[in-house]
Engineer: 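Here it is, the structure, as structure tokens.
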Amino acid sequence: MAETLVLIEQDHGQLKHSSLHAITLARQLGGEYALLVLGHDLDKIAASLVSYGASAVIVADDPALAEPLADRYATVVAEVARKRGAMTLLGTSSTFSKDILPRAAALLNAPMVTDVLAIEEKDGAISYRRPINAGSMLATVKVEGERRVLTARPTAFEAPAADAGTICPVERFQLDAASLPNGMEFISREQRQSDRPDLTEARVVVCGGRPLKDTQTFESLVGGLADALGGAVGATRAAVDAGMVSNDYQVGQTGKIIAPELYIGIGISGAIQHLAGMQDSRIIVAINRDPDAPIFQIATYGLVGDLYQLVPQLIDSIRRG
Ligand SMILES: Cc1cc2nc3c(=O)[nH]c(=O)nc-3n(C[C@H](O)[C@H](O)[C@H](O)COP(=O)(O)OP(=O)(O)OC[C@H]3O[C@@H](n4cnc5c(N)ncnc54)[C@H](O)[C@@H]3O)c2cc1C
């Protein structure tokens, strides 16, 4: 069986743990799999990946790959897949993989299935279950041909266990930096400095909606509750569009997909496009003054009342322990 190639995501030396969930899908597909990581100064990251049962950790390490420019990354990913004869190229659904893998699929002339939730095998043929219509329906799809590119929903596949007893080799991929595409130029990076955990990796996420009104109120109530619980902050598109927070906080169909242990929605109606990004959370708490708000239909616990009264009380009682 041909090897599967799993794209692992890192950002300036920080491993994105959610990208490891694609390994679980690789294991379910069967056969050998190799892990591929791109960037610069990757020794530490490579060393942290050797115990995940892969046949090899392949490292494309070059100053030309220090920033994730999609045209360069896709070229290298496709080249590694071709050279290794990998028939399945796989990553975790994320902003990063959305940027890189469709381009790699085009370079490989391979079909792509995104947001895979599960696989089904019948008579030796594999089909993939994936959400459509903002998660309100599931489709089961097949692809033609041998080579395929997939992304796995991290919330549908557990983080893989590492086994310190088995260690695979690290192989450097020799690339010719001068021949990489130059259509994109890295100009600058704006990074939000925050002590809060990453939204897609946090165990607790507090999300705020339209009635939070402005940045200051949003920060004191949503941010305050998140800080009291050691969690991350998220928002609905209504809150983003109103300028309360930047769009990297958005949770939902056109934002981030999250599945924390605990999700708290404050002043959020529960539109289908928002639910598409958080409905796999383990415990869902909704705070809304409208008892008929749709979010209560999926909430584990609901608090009906005015958020301006309830949230300060919650923050206060958590802080007092
Ligand atoms: C193509 C498309 C993609 C989209 N993608 C996304 C997406 O990725 N993420 C997303 O979130 N949305 C997305 N949307 C928008 C989505 O349809 C909703 O408009 C949005 O989620 C609503 O946000 P909200 O719940 O904050 O606001 P509203 O729907 O206005 O709800 C506010 C809620 O707050 C309650 N409330 C008001 N005041 C108080 C108070 N004082 N105390 C307690 N409760 C109060 C109200 O009862 C209400 O239920 C998308 C829409 C489209 C068309």
Side-chain angles (χ1 to χ4, degrees), residues 18 92-99 114-115 117 130-137 139 151 153-156 198-202 204-226 228 231-260 262-281 284-318:
S18 55
T92 297
S93 311
S94 68
T95 313
F96 171 79
S97 69
K98 272 184 203 160
D99 205 15
T114 56
D115 281 335
L117 299 171
R130 65 182 301 272
I132 53 172
N133 284 6
S136 61
M137 290 194 263
T151 62
R153 266 273 172 100
T155 52
D198 187 289
L199 180 55
T200 54
E201 304 201 345
V204 176
V205 174
V206 182
C207 270
R210 196 189 309 268
L212 272 309
K213 290 187 196 144
D214 55 40
T215 305
Q216 216 178 349
T217 317
F218 190 100
E219 177 53 30
S220 83
L221 295 180
V222 181
L225 186 54
V233 166
T236 64
R237 179 160 147 185
V240 171
D241 288 349
M244 294 176 218
V245 286
S246 63
N247 68 357
D248 51 339
Y249 287 91
Q250 186 174 317
V251 170
Q253 183 192 345
T254 43
K256 302 218 161 94
I257 309 286
I258 58 169
L262 171 63
Y263 162 99
I264 303 179
I266 302 176
I268 290 176
S269 58
I272 186 175
Q273 295 89 354
H274 184 73
L275 302 189
M278 46 61 70
Q279 61 196 353
D280 292 328
S281 306
I284 296 173
V285 178
I287 301 173
N288 196 305
R289 68 180 177 193
D290 174 7
D292 296 323
I295 196 156
F296 287 130
Q297 287 168 20
I298 62 150
T300 326
Y301 302 102
L303 282 175
V304 179
D306 185 350
L307 70 91
Y308 289 99
Q309 285 176 2
L310 293 172
V311 178
Q313 284 172 21
L314 266 175
I315 296 172
D316 195 43
S317 55
I318 293 167

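The structure displayed is predicted, hence computed values, not measured ones. Atoms within each ligand, like the ligands themselves, are counted from 1 in listed order. Values below: every heavy atom of this structure, side chains too, minus hydrogens, waters and symmetry copies. We number each residue from 1, following the sequence as shown.
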Engineer: Counting heavy atoms only, which of R210, K256, H274 comes nearest to atom 19 (O) of ligand 1?
Structural biologist: R210
Engineer: Do any nitrogen or oxygen atoms of T236 lie less than 3.5 angstrom from nitrogen or oxygen atoms of ligand 1?
Structural biologist: yes
Engineer: Answer side chain, backbone, both or neither: which part of S269 comes under 4.0 Å from ligand 1, heavy atoms only.
Structural biologist: both
Engineer: Indicate the atoms forming the closest heavy-atom contact of V251 with G234, along with that distance.
Structural biologist: CG2-CA, 4.3 Å
Engineer: Write out the residue and atom name of the closest protein heavy atom to atom 41 (N) of ligand 1, then the distance separating them to 0.1 Å.
Structural biologist: D306 OD1, 2.9 Å
Engineer: Heavy-atom distance under 4.5 Å between the side chains of I287 and L314, does that happen here?
Structural biologist: yes
Engineer: Just which atoms of ligand 1 are under 4.0 Å from any heavy atom in G209?
Structural biologist: 26 (O)
Engineer: Do N133 and I272 have side chains that approach each other closer than 4.5 Å (heavy atoms only, starting at C-beta)?
Structural biologist: no
Engineer: Report the nearest protein non-hydrogen atom to atom 2 (C) of ligand 1: residue, atom name, distance rounded to 0.1 Å.
Structural biologist: R237 NH1, 3.3 Å
Engineer: Only heavy atoms of G255, strictly under 4.0 Å: list the atoms of ligand 1 that pass.
Structural biologist: 8 (O)
Engineer: Quick check: closest heavy atoms across F296 and P291, and the distance to 0.1 Å?
Structural biologist: CD1-O, 3.4 Å
Engineer: Work out which heavy atom in S246 is nearest to a heavy atom in V240; give both atom names and the distance.
Structural biologist: O-CG2, 4.0 Å
Engineer: Less than 4.5 Å apart, side chain to side chain, heavy atoms only: is that true for I266 and V311?
Structural biologist: yes
Engineer: Restricting to non-hydrogen atoms, name the atom on S18 and the atom on P154 that form the minimum distance, rounded to 0.1 Å.
Structural biologist: O-CB, 4.2 Å
Engineer: In terms of residue, atom name and distance, what is the protein heavy atom nearest to atom 21 (O) of ligand 1?
Structural biologist: A271 CB, 3.8 Å
Engineer: Please check whether L307 reaches ligand 1 - meaning an N/O of the residue sits under 3.5 Å from an N/O of the ligand, judged on distance alone.
Structural biologist: yes
Engineer: Starting from atom 17 (O) of ligand 1, find the nearest protein heavy-atom neighbour and note its residue, name and distance.
Structural biologist: Q273 OE1, 2.8 Å
Engineer: State the atoms of ligand 1, each with its element, that fall below the 4.0 Å cut-off from a heavy-atom position in G305.
Structural biologist: 42 (N), 43 (C)
Engineer: Provide, to 0.1 Å, the distance between atom 7 (C) of ligand 1 and the closest protein heavy atom, together with that atom's residue and name.
Structural biologist: Q250 NE2, 3.1 Å
Engineer: Can you check whether G267 has an N/O within less than 3.5 Å of an N/O in ligand 1?
Structural biologist: yes
Engineer: Report the residue from L199, N247, V205, D198 that forms a side chain to side chain contact (heavy atoms under 4.5 Å, CB included) with K256.
Structural biologist: L199
Engineer: Report yes or no: do R210 and T236 form a side-chain donor-acceptor pair below 3.5 Å?
Structural biologist: no
Engineer: As a check for students: among L212, T254, N247, identify the option with a heavy atom nearest to atom 8 (O) of ligand 1.
Structural biologist: T254
Engineer: Side chain or backbone, does A293 bring an N or O within less than 3.5 Å of an N or O on ligand 1?
Structural biologist: no
Engineer: Considering only the protein, which heavy-atom contact is closest to atom 44 (N) of ligand 1, and what is its distance?
Structural biologist: R289 N, 3.1 Å
Engineer: Evaluating non-hydrogen atoms only, which member of D290, N288, I257, V240 is closest to atom 46 (C) of ligand 1?
Structural biologist: N288
Engineer: Report yes or no: does a heavy atom of A134 sit under 4.0 Å from some atom of ligand 1?
Structural biologist: no
Engineer: Around atom CD of Q216, are there more than 12 heavy atoms of other residues, nucleotides or ligands at under 6.0 Å?
Structural biologist: no
Engineer: Heavy atoms only, cut-off 4.0 Å: how does I272 contact ligand 1, side chain, backbone, both, or neither?
Structural biologist: neither
Engineer: Does the side chain of C207 reach to within under 4.5 Å of the side chain of I268, using non-hydrogen atoms?
Structural biologist: yes
Engineer: Return the residue, atom name and 0.1 Å-rounded distance of the protein heavy atom closest to atom 36 (N) of ligand 1.
Structural biologist: P211 CG, 3.6 Å
Engineer: Quick one: look up the protein heavy atom nearest atom 9 (N) of ligand 1 and list residue, atom name and how far away it is.
Structural biologist: V251 O, 2.8 Å
Engineer: With the side chain counted from C-beta on, respond yes when I284 and M278 share a heavy-atom pair under 4.5 Å apart, and no when they do not.
Structural biologist: yes
Engineer: Where do A239 and A235 come nearest, in terms of heavy atoms and distance?
Structural biologist: CB-CB, 4.0 Å
